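As the structure is a computational prediction, the values presented were derived from the model and not from experiment.
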Amino acid sequence: MRKIVIALSVLMALTSCVSKKKYAELEAKNKETQDLLNSCTVKLNTCLEEKAGLAATAESYKQHNQDLINSSKDLTILTTKGAENLEKSLESLKEKDLKISRLQDALTKKDSVTLALVTSLKGAVGINDPDIEINVEKGVVFISIADKLLFKSGSYDVSDKAKSVLAKVAKVVNDKPDFECMVEGHTDDVPYKSNGIILDNWDLSVKRSTSIVRVLTNDLGVNPAKLIAAGRSSYVPLVANDSAENKARNRRTRIVVMPKIDQFYDMIEKEMKKQQK
């Protein structure tokens, strides 16, 4: 029995020694494993954070890329529209150049017509008579005839000498079917004393104008539809009415020779000025 007890004691002692050693090894192994786990956990968290950062960066790049794609599309659209607008602008410039060219041709034609008219009038009427003036303003020809060639003082009866002058004017007008004439009567500023027929300078200027118109139509064969009678009284003087000589200059009949297309030419001039701005 004693041998058995001794054997059991020895066995228990051996068993106890092995367990402590094994436990120590396991504990060391466990600590090593725990340390490794902790290290892996730290690395995992770092990787997760880096992953989140990279994911955010990737999303940012993705959005930026999409923005670039959209911008590229918009730029393509803008470029296309720009090309279309440029093409339209070029077409518009071509049209304007063509219009300007046509307007310049028309103005050249107008100047040629005016020059021919002035030459005809000066040749027919005579340019050496100081009492007859021929001027051109804005494509319109003005023939100014002193009243002493046309009427007696205070009268609206056309003199025989005036008829010879008017005959030359009528010939030029009749040769130009596209022209009209406005006959303007002008007086000085001396008030006209009414005689029961003529009331004032307005009446006198108008009656002198209508007298000229009647001579041109009745005696010289000018188409009445081409004539306009007008009276300006003393309100459009050439010079100040401050001397007898100046008053004589202001007493006149002015024949305005106007192309029927003058309004068209005036429109052309205005349009051309707009185009050149």
Practice item. Give a yes or no on whether the backbone of N250 and the side-chain of R252 come within a donor-acceptor separation of less than 3.5 Å. Key: yes
Point to revise | Under 3.5 Å donor-acceptor, D147 side chain and L150 backbone | key: no
**Study point:** Any K207 side-chain heavy atom under 4.5 Å of I198 side chain
**Key:** yes
Review point. Does the side chain of R249 reach to within under 4.5 Å of the side chain of E133, using non-hydrogen atoms?
Key: yes
Practice item. Return yes if some donor-acceptor pair links the side-chain N/O of N246 with the main-chain N/O of V239 below 3.5 Å, else return no. Key: no
Exercise for review: Pick out which of T187, N241, D189 makes a side chain to side chain donor-acceptor pair (under 3.5 Å) with K247.
Suggested key: D189
Study note, to complete from the structure: For R232 and E184, the nearest pair of non-hydrogen atoms, with its separation, is NH1-OE2, 3.4 Å
Study note, to complete from the structure: On a heavy-atom basis, the closest approach of G185 and S205 is O-CB, 3.3 Å
Check your understanding: Is a donor on one side and an acceptor on the other found under 3.5 Å between the side chain of T253 and the backbone of S144?
Key -> no
**Study point:** Main-chain N/O of F151 paired with S155 side-chain donor or acceptor, under 3.5 Å
**Key:** no
Point to revise | Non-hydrogen atoms of N174 and G221 that approach each other most closely | key: OD1-O, 3.7 Å
Check your understanding: Under the criterion side chain to side chain contact (heavy atoms under 4.5 Å, CB included), which of V158, V169, T217, L227 is the partner of I212?
Key -> V158
Review point. Is the backbone N or O of Y235 less than 3.5 Å from a side-chain atom of S233, with the two atoms forming a donor-acceptor pair by type?
Key: no
Exercise for review: Would you confirm whether S209, through its side chain, and V183, through its main-chain N or O, come within 3.5 Å as a donor-acceptor pair?
Suggested key: yes
Check your understanding: Between D188 and R251, does at least one N-O distance fall below 4.0 Å, as a salt bridge requires?
Key -> yes
Review point. Which atom names give the shortest non-hydrogen contact between L216 and L166, and what distance separates them?
Key: CD2-O, 3.8 Å
Check your understanding: Between N201 and V190, is there a donor-acceptor pair closer than 3.5 Å when you use the side chain of the first and the backbone of the second?
Key -> yes
Exercise for review: Check for a donor-acceptor pair, side chain of D203 on one end and backbone N or O of L199 on the other, with a separation under 3.5 Å.
Suggested key: yes
